[in-house]
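Remarks on the structure that follows.
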Amino acid sequence: MPELPEVETIRRQLEPDLCGRRFEAVEVLDPYFAKPASAGALESAASGRSVIDVGRRGKYLVFELDDGNSLVIHLRMTGSITLLAPDGTASPGDARIHAPGDPEKHLKARFTLDDGGEMLFADPRRFGRGFIAGPEALEAYFDSRLGVEPLSPDFTVEAMAAMSAGRTGPLKSFLLNQKGVAGVGNIYADEALFRAGLHPLSPGGSMKPEHHRALRDGVVEALQRGLDLGGASIDDYRDARGDTGSMQNEFLVHRREGEACPRCGEKIVRIVVGGRSTYFCPACQKRLRRRPRRLARQGGPGRS
DNA sequence: CGCGCAACCTGTCTGC
DNA sequence: TGCAGACAGGTTGCGC
């Protein structure tokens, strides 16, 4: 569920209320949450520590602690974080209320704050993870998994060209690979490709300079739109206040199979790419040829 | 190294 | 109503 816009929305809500606060108590209710480390290790490393900063890298939330270590949380598919006010105010999406059946069935971790508030992590599908890491280990962890931050100045047309060069896999898979652009998931990959006018099955390396720019811009615009709307709530997603986002009301193609393309009116099609549902407009998003056009002759404008 | 796909889990919805 | 099967925002590991 949560991709960059959703995670960033949560981060922005947590930051002002969490910075300067101390984790009075930390309870890991499901050992899966702390895997591969132990629940006890996470509890003891985080409890008693104050939060210096709340950051984000790709889809990871990073709570920087006062001892130099960081608590890192990834929501994966269905994880959610809910911040409860000191007075115990239960917001509409309160994980304990939202969960069907047993009120605490999906609650996986509880971080009690020194002002009486609570940060709750819930996750019905149990894919979400939390761990503690020192600065060097954390840098190595992210460096080995994540590429450029798409909303940073580093995400240039040149960067897009470099990371896609020579790739034979489909553009959709390329966007989902976090080592290229960090933070794009299934929703925003479809939206970005539509905005760029690119076919999800076109090979990454088939893009020409104008396509590099179009895709870079498409990714930025799709993510920024999602951020402006507080994320997309298809099913489970709620922000840290328990509210839904509204990006789902403005999907251009994602989950709109059979509906009219907002640009040309053609019916939107659903295919499966890399095991993931993929939606696009067959009229607006034409496939590119296998390889980029070569210079016609040896004597052409050379590479100086 | 790049790529495709199964696996990890649980819940919900659809079709028979 | 019951039940099998498909599908769901992500990432990792394995085989080729």
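Computation of the quantities below employed the complete heavy-atom set of this structure, encompassing side-chain atoms and omitting hydrogens, waters and symmetry-equivalent molecules. The chains referred to below are lettered A, B, ... by the order of the sequence lines, with proteins before strands, and numbering in each begins at 1.
Following rounding to the nearest Å, A:R145 (CZ) and B:dC1 (C1') show an atom-to-atom distance of 17 Å. Per the geometry, CD1 belonging to A:I187 stands 17 Å off P belonging to C:dC7, to the nearest Å. Atom CG of A:D236 and atom C1' of B:dT12 are 10 Å apart (whole Å). Put simply, CG on A:D123 is 11 Å from C1' on C:dG10, counting in whole angstrom units. A:F174 has its CZ atom 12 Å from the P atom of B:dG2, to the nearest Å. Atom pair A:E257:CD and C:dA8:P shows a separation of 10 Å (rounding to whole Å applied). As rounded to whole Å, 12 Å separates atom P of C:dG10 from atom CG of A:L175. Here the C1' atom of nucleotide C:dT12 and the CE atom of A:M77 are 13 Å apart, to the nearest Å.
Proximity of A:T168 to the phosphate of B:dC3: a side-chain N or O atom is located under 4.0 Å from OP1 or OP2. Within the 4.0 Å cut-off from OP1 or OP2 of B:dT10, at least one side-chain nitrogen or oxygen of A:R126 is found. Note on A:S173: every side-chain N or O is 4.0 Å or more away from OP1 and OP2 of B:dC3. Dashed line: the shortest gap from a side-chain N or O of A:Q178 to OP1 or OP2 of C:dT11 is under 4.0 Å. Dashed line: the shortest gap from a side-chain N or O of A:R276 to OP1 or OP2 of C:dG10 is under 4.0 Å.
Here A:G169 lies in heavy-atom contact (under 4.0 Å) with sugar-phosphate atoms only. Using a 4.0 Å heavy-atom criterion, one finds that A:P36 contacts no nucleic acid atom at all. Heavy atoms of A:G185 sit under 4.0 angstrom from primed sugar atoms or phosphate atoms, though from no base atom. The residue A:R129 sits apart from the nucleic acid: no heavy atom pair falls under 4.0 Å.
Comparing C:dG10, B:dC3, C:dA8 by their nearest atom to the side chain of A:Y279 picks out C:dA8. Of the candidate nucleotides C:dG10, C:dA8, B:dT10, C:dA8 has the atom nearest to the side chain of A:R255. Distance from the side chain of A:Y141 is smallest for C:dT12 among the nucleotides C:dT12, C:dG10, B:dC9. In the set B:dT10, C:dT11, B:dG4, the nucleotide with an atom closest to the side chain of A:H74 is C:dT11. When each of C:dT12, B:dT10, B:dG4 is scored by its nearest atom to the side-chain atoms of A:H106, the top-ranked nucleotide is B:dT10. Closest to the A:R167 side chain, of the nucleotides C:dA8, C:dT12, B:dC3, is B:dC3. Distance from the side chain of A:S277 is smallest for C:dC7 among the nucleotides C:dT12, C:dG10, C:dC7.
Two rings, from A:F131 and A:Y141, have their centers less than 6.0 Å apart. For A:F280 and A:F194, the ring centers sit 6.0 Å or farther from each other.
A salt bridge links A:D190 with A:K172: at least one charged nitrogen is closer than 4.0 Å to a carboxylate oxygen. The existence of a salt bridge linking A:E257 and A:R255 is excluded, since no basic side-chain nitrogen approaches an acidic carboxylate oxygen closer than 4.0 Å.
Annotation: of the two residues near DNA chain C, A:L176 and A:R125, the 5′-most nearest-nucleotide partner is A:R125.
Side-chain atoms of A:R256 come within 3.5 Å of backbone N or O of A:L252 as a donor-acceptor pair.
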Side chain to side chain contact (heavy atoms under 4.5 Å, CB included) between A:N177 and A:R167, worked out: CA-CA 12 Å; A:N177 182 353; A:R167 296 205 155 265; 4.1 Å; yes
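Comparing the P positions of B:dC9 and C:dC3 gives an interatomic distance of 25 Å, to the nearest angstrom. Only the P atoms considered, B:dG11 is 24 Å distant from C:dT12, to the nearest whole Å.
Checked by atom type, the side-chain pair A:E6/A:Y188 shows a donor-acceptor distance below 3.5 Å.
Remark: C:dG2 base-pairs with B:dC16. Criterion, Watson-Crick or G-U wobble with two distances under 3.5 Å.
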